[in-house]
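Here is how names work: the chains are called A, B, and so on, in the same order as the sequence lines, proteins then strands, and each is numbered from 1. It should be emphasised that the depicted structure is a prediction, and the values quoted were computed from it without experimental measurement. The figures here come from the full heavy-atom set of this structure, side chains too, leaving out hydrogens, waters and symmetry mates.
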Protein chains: 2
Amino acid sequence: MELTNTILQLFPKLNEAVSKDGINILKHSQQITIPEGTTIFHQGDQCLNYLLVIAGSVKVFTRAENGREIVLYHISSGGSCVLTTSCLISSEDYPAEGVTETDVVALAIPKPVFEQYMGESKAFRKQVFHSYGDRLIKLITLVEEISFAKLDIRLAKYLLENGSVNTPIRTTHQALATELGSAREVISRQLKEFENKGWVLLNRGKIEITNHDALANLLAH
Amino acid sequence: MELTNTILQLFPKLNEAVSKDGINILKHSQQITIPEGTTIFHQGDQCLNYLLVIAGSVKVFTRAENGREIVLYHISSGGSCVLTTSCLISSEDYPAEGVTETDVVALAIPKPVFEQYMGESKAFRKQVFHSYGDRLIKLITLVEEISFAKLDIRLAKYLLENGSVNTPIRTTHQALATELGSAREVISRQLKEFENKGWVLLNRGKIEITNHDALANLLAH
DNA sequence: AAGCTTTAAGTGACATTGTCACTTAAAAAT
DNA sequence: ATTTTTAAGTGACAATGTCACTTAAAGCTT
């Protein structure tokens, strides 16, 4: 089956779980498609599946009382949702919300099957732990960046990671503010400065990089 | 043995692992004592044990290039070190450092024993996962606080959690800044404001709360 | 096509927090 | 009783966040 290969390519550790431990990933799990903009979990939700993202992307973020948001991380193909995984094991309230940014194809492994695999396959456990470790590192890195890095650096980094001279970034200043945990006005000001220096070209909903090296130079410190 | 009872009280899930799954926690693990101020891990360290903290406290923090630090979390009795746990499974570089804040008594479970327990005992897995989930939540909450909460609120919260009208807090402004991810001068200014309002009394290395309710009222928003 | 409506972005004044280059003062060490 | 170390204070300034708006572009609506 085509899907099997895709999955095993995306999740190399599962490959081992299948070949060494005889885990039949597909037998007791279900492929699901979730349309863009769907909230897949929020605070206090119960969770009944272990989710492996095959295609598309999920945005995980928190919201403050005053409405400000900050993106914690994205789950893209090859990633799994550790928050719902935690939920599977110790059922606590998670202070975050997950929304699909695009149509998402995922493999849903039901809780009892997940638990069985955890007991049977060392490779499966490794896969699960690996995603945990990954998230932990990403979150720690995020704390570090928020606390220490200046906004112009973080913004330049984002621009370089999400666009190039030929491929403009299609996003709003508001979305960027959420992504970086800042405020729209601050992002607008900073982008305007970049534009004045001739590093980017701004249009409603679109940012074009016009001087890659200058932006990269900011990061070089 | 006295120690067994202490451990099983601190880690209720392990209790189950012992009684239901016949795991002999003490047989293949070692009780260790680590003096105050010891670095138990930093970036890139290899880790050979799963650590359960029985007594004392470990501070986990990151350091920026310019020397500024922020405390990510503390591990106290009943906690385990998930960063080293991650390290046990997927060996990546962790962007954090762990230092004992007091003398620490810990149970060290060697990597092979840890892996065996993970395969054998559902309760043991639960214990491990539970600490992971906990950390994840704490880190997300930290991101939220750093991003959204004002410093006076966070400072007041810290003061109330770590002292009372009768028990002064023994710490420096610098340590407080690290704890909250701010700068010493900022903490000093804010504390001085609290003092001017008659909410605290400041002395070198000591902060006394003189008006609990006023501080608590700040939190109530 | 001209006018509404919605959404994105700009603006200036101001508050909060962080940085820098110091000074002052308390505690510890010799 | 000095010196040395460590903690805290200070003022000027820079960076970021907040507020209450305005302006402008893009999508609808008839």
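In this entry the distance linking NZ of A:Lys206 with P of C:dA9 reads 12 Å, nearest Å. Protein atom CD of B:Glu69 is 17 Å distant from nucleotide atom C1' of C:dG18, rounded to whole Å. Straight-line distance from the CD atom of B:Glu193 to the C1' atom of D:dA8: 17 Å, rounded to whole Å. The nearest whole Å value for the distance from the CD1 atom in B:Ile146 to the P atom in D:dT16 is 16 Å. Between the CG atom of B:Leu180 and the P atom of C:dT16 there is a distance of 18 Å, given to the nearest Å. In this structure, the CG atom of B:Leu191 is 16 Å from the C1' atom of D:dT10, given to the nearest Å. Remark: P of C:dA15 and CD1 of B:Ile153 are 18 Å apart, rounded to the nearest angstrom. Atom CG in A:Leu176 sits about 13 Å away from atom P in D:dG17, given to the nearest Å.
Minimum interatomic distance between A:Tyr50 and A:Ser80 (heavy atoms only, all atoms of both residues): OH-OG, 3.4 Å. Heavy-atom minimum distance, B:His42 versus B:Thr39: ND1-CG2, 3.9 Å.
Not one side-chain nitrogen or oxygen of A:Ser188 sits closer than 4.0 Å to the OP1 or OP2 atom of C:dA9. When the side-chain nitrogen and oxygen atoms of B:Lys192 are compared with OP1 and OP2 of D:dG9, one or more of them lie within a distance under 4.0 Å.
Looking at residues 154-163 of chain B, you'll see that no heavy atom sits under 4.0 Å from any atom of DNA chain D.
Counting only distance, with no hydrogens or angles, the side chain of B:Arg154 and the backbone of B:Leu180 share a donor-acceptor pair below 3.5 Å. A:Thr172 places no side-chain N or O within 3.5 Å of a backbone atom of A:Gly205 that could act as its donor or acceptor partner. A donor-acceptor contact shorter than 3.5 Å links the side chain of A:Arg125 to the backbone of A:Met118.
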Would you mind writing out the side-chain donor-acceptor pairs for residues 136-152 of chain B within the sub-3.5 Å range, not counting sequence neighbours?
residue	atom	partner	partner atom	Å
B:Thr141	OG1	B:Ile137	O	2.7
B:Glu145	OE2	B:Lys157	NZ	2.6
B:Ser147	OG	B:Val143	O	2.7

Review item, side-chain donor-acceptor pairs of residues 98-109 of chain B, under 3.5 Å, at least two apart:
residue	atom	partner	partner atom	Å
B:Thr100	OG1	B:Pro35	O	2.8
B:Thr100	OG1	B:Gly37	N	3.0
B:Thr100	OG1	B:Thr38	N	2.9
B:Thr100	OG1	B:Thr38	O	3.4
B:Glu101	OE1	B:Ser57	OG	2.5
B:Glu101	OE1	B:His74	ND1	2.9
B:Glu101	OE2	B:His74	ND1	3.3
B:Thr102	OG1	B:Ser57	N	3.1
B:Asp103	OD1	B:Glu36	N	2.8

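A:Val128 is listed as a side-chain neighbour of B:Phe129, based on a closest heavy-atom distance under 4.5 Å. Using a 4.5 Å cut-off on side-chain heavy atoms (C-beta onward), B:Leu52 and B:Gln127 make contact.
Mapped onto DNA chain C by nearest heavy atom, A:His173 and B:Gln190 fall at different nucleotides, with A:His173 at the one closer to the 5' end.
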**Complete:** Nucleotide by nucleotide, nucleotides 19-30 of chain C touches protein heavy atoms under 4.0 Å in the pattern (B base, S sugar-phosphate only, - none) BBB---BBS---
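The bend of the helix from C:dA1-D:dT30 to C:dT30-D:dA1, defined by the angle between the axes of its first five and last five pairs, stands at 30° to the nearest 10°.
A:Phe194 meets the ring-ring contact (aromatic ring centres under 6.0 Å, His included) test with A:Trp199; sequence neighbours excluded.
A perpendicular orientation is assigned to the rings of A:Phe114 and A:Phe124, their planes being inclined by more than 60° (bins at 30° and 60°).
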